[in-house]
Amino acid sequence: MSETITIDGKEIPFKAGQTIIEAATAAGVYIPHLCHKPGYKPHGSCKLCTVNVNGRRCSACTFPAATGQAILNKTQELEDNRRKITQMLFVEGNHFCPSCEKTGNCQLQGVAYYLAMKDNHFPHFFANRELDASHPDLLIDHNRCIFCNLCVRASQEKDGKNVFAISGRGINKRLIINSKTGLLKDSDIEVNDCAVQVCPTGAILEKRKGYSTPIGQRIYDTQQIDQVSLTQETVYE
Amino acid sequence: MSDKIRVATTSLAGCFGCHMSFLDIDERLLKLAELVEFDRSPITDIEHCSDCDIGLIEGGVCNAENVHVLREFRKNCKILVAVGACSINGGLPAMRNHIPLEECLNEAYIKGIGVENPQIPNDPELPLLLDKVYPIHEIVKVDYYLPGCPPSADVFWTFLTDLIEGREPSLPYELVHYD
C-alpha cells in the first residue's frame, strides 16, 4: 500500500522524496506557483505555493510530503494571500501588459488571471530598471523580472553555463549578468539555452519572435493556468 | 428627475480607447439608454458631475486637472469604477515615471526631432503636469476595476447589466485581460 497525504480532503499518494507540489501535480491537483518548475532544484522564493500543512504554513515546492499530512490548498484565505503576493509582484516591477510581447503567454499574468486579480491594490514603486538589448538575438527587460531565479538555475543546471545571478537585497535586488561589461552580448548565452526559454514573464525575450502568435490567441487567453500547468508538468513527470 | 440610473464617464490620462470600446456594445446602447441616463461624459458634453450612481474613469492621473476631475467624480458617484489598464496601473503614460519630468519636457519640446521654435508650453490655462502618472486608486477610493487595454465591449455590458440588475458584478475568465 502506498503512502498518502490529503489535500483539501482528497487523498493523494506520494513516493518517498517527493515534495508536496510534486505529489499534488502527479495527482492532478494544481497549486499556484511561479518560481517552481519540475526538473529544477526547488527555490521556495515566490511563496505562491504556500499551503497549510497540519496548521502550519509551508512552501509546497520545498516541503517533503509525509504520511499524516492534512494539507489545505484552495481555501479562501490562501487564495486571498496568493492574490496579494501577485499584486506585490506587479507593483514591485513595471508590468505594463499592453506593451509587453509576452502578454497572453506570461505565467505571472496567468496566475493573476487564475486568482481573479483585477487591480494592483498597492501603491506602485515605478522602479527605475534597465533594459539590455545589446545581444543580437535576445533582450532582457529588467522591468519585468520577478527574481524567480529560474534563469539562474537553468543556466547552471541545464546549460552548464553560469550566465545569471541575483545580486543585492530587498529593493536593491537585481538580476546580474556574468560578463566583463555586465551586458548580455558579452556573455556566453545563446538563443536556445534553457535559461532563455524558462523565463515565466517577459523579462528575457527572443528578438523578432514577439508577435508570431497574435494577441487573443495566446496560451492564457483561452486556457486557465491550472489546466496548462497540469498538462505540461504531468507530462514531464 | 427621471428614476433612471445615472452614469458619468470621463477620460483622464487615457486615449479614449476605453470609451470607443464602450461604444462597441453597438445596438445594446439602445437597451442601455432605456435603463441609464448619462450625466457628465464625452457623450453628453455636460461639464460637471451632479449626483450619479456610477462613474466610469478611463486613464491614469497625469496632471492637476485630472486630480480635480477624479475628486469631482468620487464626490458625486456612489460607485466609482476604474476602467482600463491606465486607470489601474498608469498604463503606457506611466512609462515616463522613471524619467524626471524636466527631461521628458526637454525631450518633447526642446530637443525633439523636428521641433521648431523650441519652448516648453506654459500657458496658465494648461494644467500642470504631476511628477508621475498615478493609478486612480492612489488618489481616491475605487469600488470596481475593469482591466483591459481596452476592456472589451462585453466587459462593459456584463459589468453594467450586473450592476443595474442588482447583482454583484462578476466577469468570466475569458473577459479578464490586462492587454
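Sequence lines set the chain letters: A, B, ... in the order given, protein chains first and strands last, and positions in each chain run from 1. Because only heavy atoms are used, hydrogens play no part in the values below, and waters and symmetry mates are left out as well, while side chains stay in.
Contact annotation for B:V142: neither backbone nor side-chain heavy atoms come within less than 4.5 Å of a heavy atom of chain A. Contact annotation for B:A94: both backbone and side-chain heavy atoms come within less than 4.5 Å of a heavy atom of chain A.
No more than 12 heavy atoms of other residues, nucleotides or ligands sit less than 6.0 Å from atom NZ of B:K31. Counting heavy-atom neighbours within 6.0 Å of A:K207 NZ, excluding the residue itself, gives a total above 12. Heavy atoms of other residues, nucleotides or ligands lying less than 6.0 angstrom from CE of A:M88 number more than 12. Annotation for A:F122: atom CZ counts as buried by contact number, over 12 foreign heavy atoms lying within 6.0 Å. The 12-atom threshold is not exceeded at CZ of A:R169, counting heavy atoms of other residues, nucleotides or ligands nearer than 6.0 Å. Within a 6.0 Å sphere centred on NZ of A:K118, heavy atoms belonging to other residues, nucleotides or ligands number more than 12. More than 12 heavy atoms of other residues, nucleotides or ligands shown are found within 6.0 angstrom of CD on B:E165.
Residues of residues 168-179 of chain B lying under 4.5 angstrom from chain A, judged on non-hydrogen atoms, are B:L171, B:Y173, B:V176, B:H177, B:Y178, B:D179 in numerical order.
The minimum heavy-atom distance between A:A127 and B:H98, with the atom names listed, is O-CB, 4.3 Å. Taking every heavy atom of both residues into account, B:K132 and A:F126 meet most closely at CD-CD1, 4.3 Å.
The choice from B:C149, B:A82, B:P135 that makes the most heavy-atom pairs within less than 4.5 Å of chain A is B:P135. Contact count versus chain B (heavy atoms, under 4.5 Å) is highest, among A:D221, A:V91, A:T222, for A:D221. Chain B forms the most heavy-atom pairs under 4.5 Å with one residue out of A:F90, A:Y113, A:Y220, and that residue is A:Y113.
In terms of modelled atom types and a separation under 3.5 Å, the side chain of B:H137 and the main chain of A:N120 share no donor-acceptor contact.
Separating the CG atom in B:L146 from the CG atom in A:D119 is a distance of 11.0 Å, to the nearest 0.5 Å. Atom CG of B:N89 is separated from atom CD of A:Q87 by 12.0 Å, given to the nearest 0.5 angstrom.
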